Amino acid sequence: MANDKEFVKEVTPQAVDFSQWYLDVVLKAELMDYAPVKGCMAIRPYGYAIWENIQQLLGGRIKATGHKNAYFPLFIPQSLLQKEAEHVEGFAPEVALVTRGGGEELAEKLVVRPTSEAIICSMYAKWIQSWRDLPLLINQWCNVVRWEKNTRPFLRTSEFLWQEGHTVHATEDEAEAETLQMLGVYQDFVENELAIPVVAGRKTEKEKFAGALRTYSIEALMSDGRALQAGTSHNLGQHFARVFEIQFQDKDDELKYAWQTSWGVSTRLIGALIMVHGDDRGLKMPPRVAPVQVVLVPILMKKKKEEVLNKARELAARFNGKLRLELDDREGYSPGWKFNEWEMKGVPLRLEIGPRDLENGGVTAVRRDTGEKSFVAEGDLMQQLPLILQDIQENLFEQARQFRQENTRHAEDFDNFRNIISEKRGFVLAHWCGDAACEEKIKEQTKATIRCLPLKELDGVEGPCICCYKGRGKKAYFARAY
RNA sequence: CGGGGUGUGGCGCAGCUUGGUAGCGCGCCUGGUUUGGGACCAGGAGGUCGCAGGUUCAAAUCCUGUCGCCCCGACCA
């Protein structure tokens, strides 16, 4: 269709240039706009609504597991950040520093938080004295700043929004259990609400969080075959407790250092949502997080204009508070224009109501995921719409799951490994001996990194390392990553 | 930090080679006709051409400098 071409011209097809497609979509769907500062963006209402839904759905899970929200300062005295050696080293290059305030040079420079371990630990040291104060389970929603050289909307920005949980426990076992519990919460949330299948696993020493004992992550596969870390959960051990002196007197009267965890997901999830589900026509929002779940477009002909409009308004009012339904009764835009715009924005379900539908006593429903059209009688709407949305949610997950399955391959020798990575991308499962030198060599030669060592034992059998063939180890997930 | 690109009404671009005081498409505003996959007609508003200096009677255009932003790589949620 001529019109189709015209429209599609505004969005670069994925096959032509995936990264340009991504940029076209985030801008045209009005998720964000570039701000005057490099790497910074304004998150527009439609994009922010996704974040609000994430906050609500993930926030609910965080609270349900006993955590409470709190807020800690944006500014961290430089000396605090520098306490934990590995932590400083990891973050120093990307830290923004405030040196002046109130027109004067500051006595101590202030770091703009790149993450809040330091400032939070300094407070926890004051709050914790006894085993009775534990566990301490706190989460905060905030912005953080990391001075990035290479930025991309949502995926890597100089400032981003996230949620960071910081907990303190009496024992190592409890801390480890908490770390894994929250990883599980992330997996459940991302799979069931964002419809993105993920692999849960442990990070290698090289890839772990600066200052952590162990880092776990959930890893997702984007539709261009590159992996994206979608959430991390760290067992901090006693590293921070020791330098910040978070001590408690235990039941046995002894003074002990506490065990800590931290875990976070960021606005990067929005990037994942776009890259996992989107197509050449734009976004495809999973209904559970879609800012608009259903759009109702009245077809306003000269005849029956008022009747159609009245019925549309009546239907919209009926779903008020039950579904996120938007009535698009703007005049001056043709129905076709609206269809395309809402498809670009990824609204899962579109309802059309025109003179014909009025006669037939219902609406025409069109799914964003399959393009399938159906007629729904007015009386069935209340019951049918949630079912269709649920079906769309499941279908999106299933599509993504299938894609991941088709793009997860096993490699038994290095040539095979290299070929898969360079020609097909996706996840590659291969044996790794555990030596950082092999990890590094693989990265240099293929640009693929170890995404994680899966928690779920895949075959569980050890084999010769894909790189050195000498050492033996279990299979790890490799991929080129964002 | 390297490589590339780009800066001209809100957006996308042309004009620059060969200096002569800014144009096109989209969008926007008004009115009318339209409306089942990005409608049409008529009228209209809107730009000291990233910034600074220089050359010239005259600079979007030539020269010098500078800044921003975007993309691709090395480092990272």
Side-chain angles (χ1 to χ4, degrees), chain A residues 1-12 17-20 22-24 27-28 33-41 89-95 114-115 143-164 186 203 206-210 215 217-219 228-234 262-272 281 297-305 308-309 329-344 350-358 360 363-364 366 371 373 443-444 447 449 480-482:
Chain A
M1 251 187 286
N3 284 341
D4 247 9
K5 263 183 194 154
E6 186 86 2
F7 167 69
V8 165
K9 218 166 48 179
E10 289 188 29
V11 175
T12 307
D17 183 343
F18 191 85
S19 139
Q20 190 58 51
Y22 178 84
L23 294 167
D24 288 347
L27 285 167
K28 296 205 161 99
D33 197 4
Y34 289 105
V37 181
K38 176 178 166 58
C40 293
M41 59 179 182
E89 201 188 326
F91 283 102
E94 46 187 7
V95 145
T115 177
N143 60 338
V144 288
V145 168
R146 298 181 188 178
W147 220 255
E148 299 287 350
K149 306 238 160 90
N150 203 359
T151 58
R152 305 188 62 187
F154 294 111
L155 299 174
R156 181 166 293 107
T157 46
S158 302
E159 178 192 12
F160 58 92
L161 305 183
W162 76 348
Q163 149 280 311
E164 50 179 327
Y186 286 157
K203 286 293 197 182
K206 187 175 177 302
E207 301 271 338
K208 76 168 194 193
F209 175 73
T215 289
S217 74
I218 50 171
E219 301 284 330
L228 184 80
Q229 179 173 305
T232 49
S233 186
H234 318 290
S262 71
W263 26 273
V265 301
S266 71
T267 34
R268 174 181 263 193
L269 286 178
I270 296 174
R281 301 188 70 78
V297 181
I299 311 298
L300 304 173
M301 311 289 212
K302 206 150 55 175
K303 54 213 177 274
K304 296 203 176 175
K305 181 172 174 177
V308 169
L309 207 50
D329 59 358
R330 290 175 296 176
E331 300 204 38
Y333 289 90
S334 69
W337 196 96
K338 292 177 180 177
F339 296 168
N340 284 307
E341 184 178 57
W342 290 113
E343 274 168 15
M344 168 84 73
R350 178 177 78 241
L351 302 180
E352 304 169 16
I353 180 160
R356 250 180 358 239
D357 303 293
L358 218 55
N360 298 331
V363 301
T364 302
V366 186
K373 278 193 184 191
K443 186 181 175 186
E444 268 171 31
K447 290 181 185 163
T449 50
R480 287 191 186 167
Y482 274 95

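On a predicted model such as this, the values are computed, not experimentally measured, just so you know.
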Q: What is the distance, to the nearest angstrom, from the NZ atom on A:K302 to the C1' atom on B:A39?
A: 14 Å
Q: Considering every strand and a 4.0 Å limit on heavy-atom distances, what is the contact class for A:R330: base, sugar-phosphate, or nothing?
A: nothing
Q: Within the structure shown, what part of the strands sits under 4.0 Å from A:K338 by heavy-atom distance: base, sugar-phosphate, or nothing?
A: nothing
Q: NA contact type, A:G264, heavy-atom cut-off 4.0 Å: base, sugar-phosphate, or nothing?
A: nothing
Q: Taking atom C1' in both B:C29 and B:G46, what distance in whole Å separates the two?
A: 10 Å
Q: Check the surroundings of atom CD in A:Q20: do more than 12 heavy atoms from other residues, nucleotides or ligands lie under 6.0 Å from it?
A: yes
Q: Pick the P atom in B:G54 and in B:C70, then give their distance to the nearest Å.
A: 32 Å
Q: Measure the distance from CE on A:M301 to P on B:U35 and round it to the nearest whole Å.
A: 6 Å
Q: Under 4.0 Å, heavy atoms only, any strand: does A:P114 hit a base, just the sugar-phosphate, or nothing?
A: nothing
Q: Show me the dot-bracket string of RNA chain B, counting Watson-Crick or G-U pairs under 3.5 Å, with | for pairs to another strand and [ ] for crossing ones.
A: ((((((((.[[[[.)....(..]]]].((((((.....)))))).....[[[[[..)....]]]]])))))))....
Q: Using the C1' atom in both, what is the distance from B:G31 to B:G47, to the nearest Å?
A: 27 Å
Q: Taking only the P atom of each, what is the distance from B:G7 to B:A14 in whole angstrom?
A: 7 Å
Q: So if I define the base as every atom that isn't primed, P, OP1 or OP2, how would nucleotides 67-77 of chain B read as a B/S/- string at a heavy-atom cutoff under 4.0 Å?
A: --SSSSBBSBB
Q: Between B:A58 and B:A22, how far is it from one C1' atom to the other, in whole Å?
A: 16 Å
Q: Side chains of A:E94 and A:K149: closer than 4.5 Å at any heavy-atom pair?
A: no
Q: Within this structure, what is the CG-to-P distance between A:L300 and B:G37, rounded to whole angstrom?
A: 14 Å
Q: Provide the distance between the two C1' atoms, one in B:G4 and one in B:A74, to the nearest whole Å.
A: 16 Å
Q: For A:L27 and B:G12, what is the distance between atoms CG and C1' respectively, to the nearest whole Å?
A: 13 Å
Q: For the atom pair OG (A:S334) and CD1 (A:I299), what is the distance rounded to the nearest 0.5 Å?
A: 9.5 Å
Q: Could I get the full list of side chain to side chain contact (heavy atoms under 4.5 Å, CB included) partners for A:S262, not counting sequence neighbours?
A: A:E117, A:H166, A:H234, A:L236
Q: State plainly whether the residues A:E331 and A:K305 are in salt-bridge range, i.e. N to O under 4.0 Å.
A: yes
Q: For the pair made of CH2 in A:W147 and P in B:C1, what is the distance, rounded to whole Å?
A: 13 Å
Q: Check A:G371 against A:V366 and note the closest heavy-atom contact, atom names and distance.
A: O-CG1, 3.9 Å
Q: Roughly, in whole Å, what's the span from NZ in A:K305 to P in B:G36?
A: 13 Å
Q: Are A:R281 and A:W342 in a cation-pi contact, defined as NZ or CZ under 6.0 Å from the six-membered ring centre and within 45° of the axis?
A: no
Q: Send over the distance from A:D33 CG to B:G10 P, rounded to a whole Å.
A: 14 Å
Q: I'd like to check A:P355 versus A:V308 (side-chain heavy atoms, cut-off strictly below 4.5 Å). Are they in contact?
A: yes
Q: Considering only the P atoms, how many Å lie between B:U66 and B:C1, rounded to the nearest integer?
A: 14 Å
Q: When rounded to the nearest Å, what value does the distance between C1' atoms of B:G32 and B:G68 take?
A: 45 Å
Q: Kindly say whether the aromatic ring centers of A:F91 and A:F209 come within a distance under 6.0 Å.
A: yes
Q: Answer whether the closest heavy-atom distance between the side chains of A:L228 and A:R268 falls below 4.5 Å.
A: yes
